[in-house]
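Within every chain, numbering begins at 1; the chains are lettered A, B, ... in the order of the sequence lines, protein sequences first and strands thereafter. These values consider heavy atoms only, across backbone and side chains, with no hydrogens, waters or symmetry-generated copies.
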Amino acid sequence: MMLSYHPLTVPSCHTFHFLPSSSDPPYDIIRSHTSLSLLLNCKTLKSLRKIHAQMIKTGLHNTNYALSKLIELCVLSPHFEGLTYAISVFETIQEPNQLIWNTMLRGHALSSDPVSSLKLYVSMISLGLLPNSYTFPFLLKSCAKSNTLREGQQIHGHVLKFGYGLDLYVHTSLISMYAQNGRLEDAQQVFDRSSHRDVVSYTALITGYASRGYTQSAQKMFDEIPDKDVVSWNAMISGYVETGYYKEAFELFEDMMKSNVSPDESTMVTVLSACAQSGSIELGRQVHSWIDDHGFGSNLKIVNALIDLYSKCGEVATACGLFEGMSYKDVVSWNTLIGGYTHMSLYKEALLLFQEMLRSNESPNDVTMLSILPACAHLGAIDIGRWIHVYIAKKLKGVTNASSLRTSLIDMYAKCGDIEAAHQVFNSMLHRSLSSWNAMIFGFAMHGRANAAFDLFSRMRKNGIEPDGITFVGLLSACSHSGMLDLGRRIFRSMTQDYNITPKLEHYGCMIDLLGHSGLFNEAKEMINTMPMEPDGVIWCSLLKACKTHGNLELAESFAQNLMKVEPENPGSYVLLSNIYATAGEWNKVAKIRALLNNKGMRKVPGGSSIEINSEVHEFIIGDKVHPRNREIYGMLEEMEVLLEKAGFVPDTSEVLQEIEEEWKEGALRHHSEKLAIAFGLISTKPGTKLTIVKNLRICRNCHEATKLISKIYRREIIARDRARFHHFRDGVCSCNDCW
DNA sequence: GTAGGGTTAG
């Protein structure tokens with residue numbers, strides 16, 4: 001029975017007055033003893049220490065059983081850093097028995113540093129102690145977990161040397177160790193040589209095959225199992241899910257339902273995650289009603305999987321409802337919904353939920369951070385991003401995802417405009433993955449620092465890191481943001497010739513953007529004709545923009561037609577074309593396009609900008625009047641206009657249709673969302689404070705010119721991120737050198 | 001005499 005009261009509220013006299021007697025085996029008494037139940041429910045190191053102290057007082061600590069149980073519970077407890085405590089207990093024991101040694105080995109194998117169990121084993125052997133059949137599964141587990149094949153092979157040698165080669169548990173552990181190290185032939189060999197096998201050893205091998213994509217071999221082994229149990233079914237189903245064979249997974253699930261084995265929690269979680277990953281919402285709903293009918297409806301892990309299903313399939317409200325209806329939530333529940341929001345681009349909702357999580361008693365973990373950092377990056381919420389950085393440094397030291405967390409931080413800082421902070425994180429890293437290098441290269445590219453991006457690339461090569469396709473997207477976009485055509489051409493060639501990487505759509509996109517920007521339309525068209533895939537909207541759009549820059553009306557029309565073919569529902573293409581006509585003074589055509597837009601009932605995505613002040617993200621759309629400090633903001637806008645005019649600023653009205661419709665005549669330019677955000681930034685920060693604005697569309701030329709002057713007039717550094725890149729405005733100039 | 005192997009958020 002689970003104890004519902006807190007361990008510390010139980011009087012100690014009641015807890016510890018049994019002492020083992022010789023006639024009664026102590027473990028029977030102790031097992032039924034409250035103190036062990038207390039240990040099992042022990043949630044803090046402090047209460048564990050108290051219980052331990054009681055054990056010492058009552059002499060219970062002298063029994064090997066109690067000690068080994070104490071250590072085991074320390075080591076298995078998810079609630080605190082039990083291993084450290086277990087080690088301290090272990091060190092007080094004069095002559096630990098084999099059980100205690102094994103329990104310590106198990107603890108180390110389960111820890112975040114499984115290799116330490118091998119070290120402990122070495123010290124055990126050097127004391128002249130012998131392993132038994134229980135020793136090896138722990139050691140092999142740590143070799144499997146840490147992918148240390150060589151050590152695993154040595155342990156295999158010891159297994160044979162000490163004569164445990166026939167133990168089924170040891171055997172299965174060996175299979176699992178080889179399988180997880182990717183040595184499927186060795187795993188199969190161990191399996192074939194075993195004199196007896198059971199469903200568990202089959203399953204170990206199946207998992208190995210399936211996780212490496214050898215689903216056929218896995219299925220063959222699975223068919224051979226005479227007495228399939230629920231775990232073996234689950235392993236096979238999840239093998240298909242993991243490798244993306246959703247249809248096969250669903251079919252197998254159906255077979256399982258027809259068999260005499262009933263699915264369990266794990267089956268449902270696996271099948272639901274298959275539905276989520278493959279977007280099979282209808283099937284997911286069927287599974288959901290099955291779950292409700294079979295009494296799984298309040299199972300924590302299953303509800304978490306359902307939340308994942310609904311949020312991944314776009315039914316956020318259903319996901320949210322399930323989340324709110326949970327009587328007990330764990331960290332996975334929070335992470336799943338936060339991740340669901342991020343997945344659906346609901347970044348603000350993700351941040352709000354994260355803040356709610358902090359207010360509740362749930363501590364975020366590395367997974368939380370990995371889904372919340374992209375939300376900060378999108379919103380430009382750098383204050384929260386910095387807070388998370390501190391939290392990671394303090395609380396999540398040495399977590400397994402350290403490298404991806406840092407990479408995520410680099411991305412966040414870069415996208416929030418603080419490229420220096422991004423660089424600092426990068427430099428502080430001891431082990432950089434390819435994606436860390438890529439994130440930093442992308443960061444520099446976004447900020448128009450092409451040279452830094454290329455320096456980093458050569459440093460990366462010197463470190464012996466092989467670039468991938470993504471690296472080259474970074475490098476090519478660095479070229480395109482800085483208008484470096486020749487370098488771009490060289491990189492594009494080198495990518496195929498020297499690195500054997502086949503260019504994808506994104507690579508062609510960067511090159512076509514570069515060519516278009518340089519006015520080399522023929523060459524751009526040639527590239528489109530020779531590339532092996534169809535160009536997407538992004539490519540036509542970049543060419544259309546190039547036409548605007550170079551005033552090429554004729555080509556613009558044909559590009560626009562292509563754009564409308566690829567993205568007929570995207571009003572942006574129509575607006576772009578109408579802007580080009582407006583620039584050329586072709587007002588009839590402008591009117592035609594406007595009529596077309598109205599007929600189709602399309603509205604342009606409103607331009608929105610956000611600015612973070614005191615950890616709060618404020619969003620503005622064009623002509624926005626809903627902000628609580630609306631009057632002050634518009635007052636500031638008027639002041640800005642007066643000062644701009646004084647400084648000689650003449651608005652370029654040719655782009656007046658950028659934000660088409662309602663307010664296009666009056667104030668369409670004056671009240672662009674970035675101006676509102678800047679005005680709000682100016683009134684709510686101290687003089688001299690840097691302002692960072694995030695915009696969902698591209699910044700228009702008019703605002704770009706105005707912002708340059710504003711940075712000078714108000715002596716403010718203004719950093720603006722638009723859809724494509726960063727602009728650093730300072731003292732009347734922009735880092736992009738007007739090349740965008 | 002107690003313990004050990006295979007499946008389950010990203």
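- A donor and an acceptor atom sit less than 3.5 Å apart, one in the side chain of A/Ser133 and one in the base of B/dG4.
- In terms of phosphate contacts, A/Arg106 brings a side-chain nitrogen or oxygen within less than 4.0 Å of OP1 or OP2 of B/dG4.
- Taking only side-chain atoms of A/Ser68, from C-beta outward, the nucleotide of B/dT2, B/dG5, B/dT7 with the closest atom is B/dT2.
- Remark: P of B/dA3 and OH of A/Tyr164 are 17 Å apart, rounded to the nearest angstrom.
- Residue pairs meeting the ring-ring contact (aromatic ring centres under 6.0 Å, His included) criterion with at least one partner in residues 232-281 of chain A, sequence neighbours excluded, are A/Phe222-A/Trp233.
- Taking every side-chain heavy atom of A/Thr270 into account, B/dT8 is the closest of B/dG6, B/dA9, B/dT8.
- Although no hydrogens or angles enter the test, the distance criterion places no donor-acceptor pair under 3.5 Å between the side chain of A/Ser201 and the main chain of A/Arg197.
- Within 3.5 Å, no donor on the side chain of A/Ser238 pairs with an acceptor on the base of B/dT7, nor the reverse.
- For residues 338-368 of chain A, every residue pair satisfying the ring-ring contact (aromatic ring centres under 6.0 Å, His included) rule, not counting sequence neighbours, is listed here: A/Tyr347-A/His378.
- A salt bridge does not link A/Glu356 to A/Arg359: none of the charged nitrogens lies less than 4.0 Å from a carboxylate oxygen.
- For B/dG5, its base sits under 3.5 Å from the side chain of A/Asp198 at one donor and acceptor pair at least.
- Distance from the side chain of A/Tyr134 is smallest to B/dA3 among B/dT8, B/dA9, B/dA3.
- Within the structure, every side-chain polar atom (N or O) of A/Lys69 is placed at least 4.0 Å from both OP1 and OP2 of B/dA3.
- Using a 4.0 Å heavy-atom criterion, one finds that A/Thr267 contacts no nucleic acid atom at all.
- What separates CG of A/Asp330 from C1' of B/dA9 is a distance of 9 Å, to the nearest Å.
- Nearest heavy atoms, A/Cys376 versus A/Ile388: SG-CD1, 4.0 Å.
- With B/dG6, B/dG4, B/dT7 as the candidates, the nucleotide lying closest to the side chain of A/Ala235 is B/dT7.
- A/Lys312 comes within 4.0 angstrom of the backbone, heavy atoms only, and of no base.
- When the C1' atom of B/dG6 is taken as reference, atom CE of A/Met236 falls 14 Å away, rounded to whole Å.
- Counting to the nearest Å, the P atom of B/dT7 and the NZ atom of A/Lys228 are 18 Å from each other.
- Taking atom CD of residue A/Glu242 and atom C1' of nucleotide B/dA9, one finds them 13 Å apart after rounding to whole Å.
- What separates CG of A/Leu73 from C1' of B/dA3 is a distance of 12 Å, to the nearest Å.
- Within the nucleic acid shown, A/Asp229 comes within 4.0 Å of at least one base atom, counting heavy atoms only.
- A donor atom on one side chain and an acceptor atom on the other are not found under 3.5 Å apart for A/Ser408 and A/Asp411.
- Remark: A/Asp167, A/Leu168, A/Tyr169, A/Val170, A/Thr172, A/Ser173, A/Ser176 in residues 165-193 of chain A come within less than 4.0 Å of DNA chain B through at least one heavy atom.
- With sequence neighbours excluded, the residues that form a side chain to side chain contact (heavy atoms under 4.5 Å, CB included) with A/Asp223 are A/Gln219.
- Closest to the side chain of A/Asn365, from the set B/dA9, B/dG5, B/dG6, is B/dA9.
- Across all strands, A/Phe138 comes closer than 4.0 Å only to sugar-phosphate atoms, never to a base (heavy-atom distances).
- By the salt bridge (charged side-chain N to carboxylate O under 4.0 Å, His left out) test, A/Arg212 is found to be paired with no residue, residues two or more places apart in sequence or in another chain being considered.
- If you take OH of A/Tyr240 and P of B/dT8, they are 16 Å apart, rounded to a whole angstrom.
- The listed nucleotides are B/dA3, B/dT7, B/dA9; the one nearest the side chain of A/Val332 is B/dA9.
- Counting distance only, with no hydrogens placed and no angle test, the side-chain atoms of A/Asn102 and the base atoms of B/dA3 include a donor-acceptor pair under 3.5 Å.
- Using a 4.0 Å heavy-atom criterion, one finds that A/Asn132 contacts the bases of the nucleic acid, with or without backbone contacts as well.
- Note: CD1 (A/Ile206) to P (B/dG5) measures 18 Å, nearest angstrom.
- No contact: A/Leu370 has no heavy atom under 4.0 Å from any strand.
- Every side-chain hydrogen bond (donor to acceptor under 3.5 Å, both in side chains) that A/Ser435 has, sequence neighbours left out, goes to A/Ser433.
- Among the atoms of the strands shown, none is found under 4.0 Å from any heavy atom of A/Thr135.
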